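See structure below.
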Amino acid sequence: MLPMRDGQAAATAIQRGDYRAPAWWIDTVDLAFDLDPAKTRVLNKMRLRRNPDVAPQALRLDGEELNLSRVLVNGAGTSFKMDGDQLVLENLPEGDAPFDLEIFTTCAPLKNTQLSGLYVSQGTFFTQCEAQGFRRITYFLDRPDVMASYSVVLRADKALYPVLLSNGNLVDHGDLDAGRHFAKWVDPHKKPSYLFALVAGKLVAREQRITSRAGNPHLLQVYVRPGDLGKTEHAMHSLMASIAWDEARFGLTLDLERFMIVATSDFNMGAMENKGLNVFNTKYVLASPATATDVDYANIESVVGHEYFHNWTGNRITCRDWFQLSLKEGLTVFRDQEFSMDMAGSASARAVKRIEDVRVLRTAQFPEDAGPMAHPVRPDHYVEINNFYTVTIYEKGAEVVRMMHTLVGRDGFALGMKLYFERHDGHAVTCDDFAQAIADANPDSELTSRLEPFKRWYAQAGTPRVHATGHYDAVTRSYTLTLTQSCAATPGQPVKEPFVIPVELGLLTQDGHALPLQFDGEDTPGATSRTVVLSESSQTLRFVNVDSAPVPSLLRGFSAPVVLDIDYSDADLLTLLAHDSDAFNRWEAGQRLLLRCAIKNIANTTDPISVTGAFEHKFLSEPVLQALRNVLRDPALDASYKELLLTLPSETYIAEQLEVVNPQRVHGVREHMRAQLALALQTDWQWAFEQHQDSGSYQPDAISAGRRALSGLALSMLCLAAQRSGDSVWPGKALQRFKDAGNMTDRMGALSALVGSGHDLAAPALARFYALFKDEPLVLDKWFALQAGAPDRNGHVLPLVKQLMQHPDFSLKNPNRARSVIFSYCSANPGAFHRSDAAGYVFWSDRVIELDAINPQVAARLARALDRWQKLAEPWRTAAHEAIGRIATRSDLSNDVREVVTRALASSAP
Ligand code: B3K
Ligand code: ZN
């Protein structure tokens, strides 16, 4: 057996197939907390009964790092034993009658650096219970299918903790002896333990009273630390918009009198959907034009929406077990994506959002699906559930829901959701239950006729590839398109069955006109864009009445999470880039041209590629540059769309396309292409910069944000061009803009243009930025991240990162700060991280080990940075393998990190 940390349960994998209903139900939970940072006392009084459907057995309650003082059954002492971390009670009352179980424990919130369970952040108590944090508060059946009614009494020092919050409604409060006070909360809804929350501290709230469409009054509150109230307006607006949207789009109303959001600066992830008391990372609450960028504003809207939407998809209907996590996460991501699109408004802004989401999927989820941590949307086993809050569960899960939406249509999907709530409200269910409800509400749909094969999306890991070949026959005026699918083996799944893949497609003439599509056998042509369903290994489509060889536009809107292989000519791609009516595929054509150029030159170029020297290679051809110039100048396109189209594919995405990756060559070629784009379009960038200046007050809407994004890209291109030509005009203008900026987006854009071009003016600008914002933690995170993520010049970033870790404002214990320095370097700066002297990897392994002792969840995320080590060329591959091995040999690892490194090493086995 593997060596384990003291007191930690052995790392055995939990199997989905081993699910058993609980032997006991907990109907009510009355909790009383005496809050003290060093030693908090918890009295947990539960009403339990046997589950008559399960054979009688002992009651085994989960607990972790608790001090147990007393156990009473119906008010009397009882025998119990410990089995590892579990409290086992064998002598419980016989029969079906309910009984009371009281458990007294204490825990130490101040010592809780894992930020799971009850912890203290800046003098305020917070909880985080998903997935298994409740067991760090009290002994419990800590599993999502045990849903109970909760009441909570909080007692604490009134001066230190004036605000006492928990789930549901405040039913009583008052003063106690010795300067203490209490509050009693009752949650009217049953919930699983992972949705429990409490907060206690010095907080202030922005309040808003609203009346829902249904006519019910509600109180909305956003709690923050005193001093941050001025930064809560956008979060409150986002919450109000989310409530209105869920009512309008899905008929789902707020089921609570009071809905609270509380922000903390110490949080392992983005936010948490505790019933009625969402706890958020400050990053996704606090915003002012001076401190938050457009991206921050958009993220706040989306995360506030996401957590709010969980109130129905996750809380009212929850997961039977953690293998069903995507039941709530995939569906809720789909809902927040749709919310953001509906808020953005125009078709073009919707396409921008779709492109952004697909970019995340391709740069993070596709690599996960091809690496050692590959798992199905509904995994079959895990060691540590916290390792499975992944882009596969979330983003690929959302794509699976989106495909159902495509297959049944928007109205059909709404009917499916209605049926889902009719059948399962108040219950803990499975992904199968969800798919069945959508299908049953749409008996004649493409989904329902193929439901079983469709559900392979839940069961099979890996990204399918669809290979498309077209053939035009001038004699019969027909065009045949053959689509063939395959999917590579993933760990534990050597062979895959065909997936059900909706492919939205169109055909363009060579000069870019959309053709009405007429399939063989149809009497008349239909729409110019249609969806076909690929469900076999190979299918051939035949289009008739086609006058000349067309250019196919496939997988429009990215209608399925697959890789599309198709042998386009450059001319085909230029046609699609100039004319495709599908905005997604228009962008995609541009990306394909750029990717093709990168891959060709990565293969052809010899090292080293000079990033700063004179151009020896013209990587981008003149027709491609001209096409990009046309996009930049096109008056019909939105600025945000242009910004996406003119941004090169990321190094991570380029690397994924290669069999063997030389990260330095990927970096060098991409930087070279960027510089070429900067120089060749210099006058166009200047035009774009000048044309997209906004004066007037800051508005975070999609149009204004798009203009700022494009002018920011233009400025960084102009600084890059200046770096090549050696002139200082644009760096000087960037510095001026940095100083004069009326909002953080412009200020940050100017600063990153200077840092990105490596100009001497970057240093004084960074110093000024620090002086301006040294009391704004979220802005300081940006300051750290910008430096740790800067383009590498002769290996300067790693020493800088080490220096930043010595900065008085750096703290490894604060996840946001750790992410801003360490993750920005190890996970988001491949050119600087993949050093040929292996120093980046050694640094990484040291940090994983160091962080693991503090916060295993955060450490395990960092441990994923070298997931794709097997693809690396030498000497990186061997060095990466050694660095992972260095972590794996430790005897004191958490289960979290051990699972990640064990899987990474196992993937090297033949
Ligand atoms: N459900 C939480 C994530 C909990 C992560 C636990 N390690 C936030 C969300 O997805 O909305
Ligand atoms: Zn979620």
Side-chain angles (χ1 to χ4, degrees), residues 64 112 114-117 119 126-136 142-144 167 191-197 238-239 242 246 261-264 266-281 283-285 299-319 321-340 357 360 377 379 382-398 401 428 431 434 815 819 855-864 894-897 899-900:
E64 199 178 294
N112 183 355
Q114 297 191 18
L115 311 185
S116 164
Y119 65 95
F126 289 95
T127 53
Q128 171 54 37
C129 293
E130 188 176 0
Q132 296 176 335
F134 193 70
R135 65 186 61 184
R136 296 168 59 80
D142 195 11
R143 44 188 288 171
N167 318 83
K191 64 171 175 286
S193 52
Y194 81 87
L195 291 174
F196 166 81
S238 302
L239 178 58
S242 307
D246 219 8
I261 286 177
V262 190
T264 172
D266 291 287
F267 207 59
N268 282 348
M269 61 271 174
M272 177 64 213
E273 70 265 24
N274 316 300
K275 185 80 188 182
L277 180 58
N278 289 357
V279 175
F280 271 61
N281 189 322
K283 184 173 164 57
Y284 297 109
V285 173
N299 286 342
I300 289 169
E301 182 181 87
S302 140
V303 178
V304 167
H306 180 96
E307 305 311 329
Y308 176 74
F309 303 142
H310 268 314
N311 191 48
W312 282 92
T313 50
N315 300 5
R316 289 285 290 246
I317 302 183
T318 195
C319 304
D321 54 72
W322 291 121
F323 296 102
Q324 319 297 328
L325 182 56
S326 198
L327 171 80
K328 73 178 180 83
E329 296 303 350
L331 176 54
T332 305
V333 171
F334 169 78
R335 276 152 54 69
D336 83 52
Q337 291 175 346
E338 288 291 298
F339 167 62
S340 295
D357 291 340
V360 171
V377 169
Y382 60 76
V383 172
E384 172 50 62
I385 183 56
N386 285 316
N387 283 334
F388 286 81
Y389 285 75
T390 58
V391 274
T392 299
I393 301 294
Y394 277 66
E395 270 70 25
K396 187 175 181 182
V401 175
C431 297
F434 176 74
R819 283 187 278 259
N855 188 328
Q857 283 187 44
V858 176
R861 289 277 148 159
L862 182 63
R864 304 268 324 258
S894 65
N895 284 342
D896 309 54
V897 168
E899 180 173 32
V900 171

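Predicted, not measured: the structure shown is a model, and the values here were computed from it. Every number for a ligand or one of its atoms is a count from 1 in the order of the listing.
When the options E273, H310, E307 are ranked by their closest heavy atom to atom 2 (C) of ligand 1, first place goes to E273. For atom 10 (O) of ligand 1, the nearest non-hydrogen atom from the set Y394, Y389, W322 comes from Y394.
The main-chain N or O of E130 is found under 3.5 Å from a side-chain atom of Q128 such that the two form a donor-acceptor pair. When atom types are taken as modelled, the side chain of N315 and the backbone of E273 share a donor-acceptor pair closer than 3.5 angstrom.
Counted by atom type alone, N387 and E899 present one or more donor-acceptor pairs between their side chains at under 3.5 Å. At a cut-off of 3.5 Å, with distance as the only test, no side-chain donor of S340 or S302 sits close to an acceptor on the other residue. No side-chain donor-acceptor contact under 3.5 Å links N386 and D896.
Taking every non-hydrogen atom of M272 and a distance limit under 4.0 Å, the qualifying atoms of ligand 1 come out as 1 (N), 2 (C). Interface atoms of ligand 1 facing N386, defined by a heavy-atom separation under 4.0 Å, are 6 (C), 7 (N). Set against the non-hydrogen atoms of M269, the atoms of ligand 1 under 4.0 Å away are 4 (C), 5 (C). Set against the non-hydrogen atoms of Q857, the atoms of ligand 1 under 4.0 Å away are 7 (N).
Remark: minimum distance from atom 6 (C) of ligand 1 to any protein heavy atom is reached at E130 O, 3.2 Å. The protein heavy-atom contact nearest to atom 8 (C) of ligand 1 is A271 O, 2.9 Å.
Contact annotation: E329 places an N, O or S atom under 2.8 Å from the Zn ion (ligand 2).
In this structure, the separation between CG on D321 and CD1 on I385 is 9.0 Å, given to the nearest 0.5 Å. Expressed to the nearest 0.5 Å, how far OH of Y389 lies from CD of E384 amounts to 9.5 Å.
Expressed to the nearest 10°, the angle at the Zn ion (ligand 2) joining NE2 in H306 with NE2 in H310 is 100°.
Counting only heavy atoms from C-beta outward, the side chains of E395 and V333 approach each other to under 4.5 Å.
Contact annotation for K328 and ligand 1: only side-chain heavy atoms (C-beta onward) come within less than 4.0 Å of the ligand.
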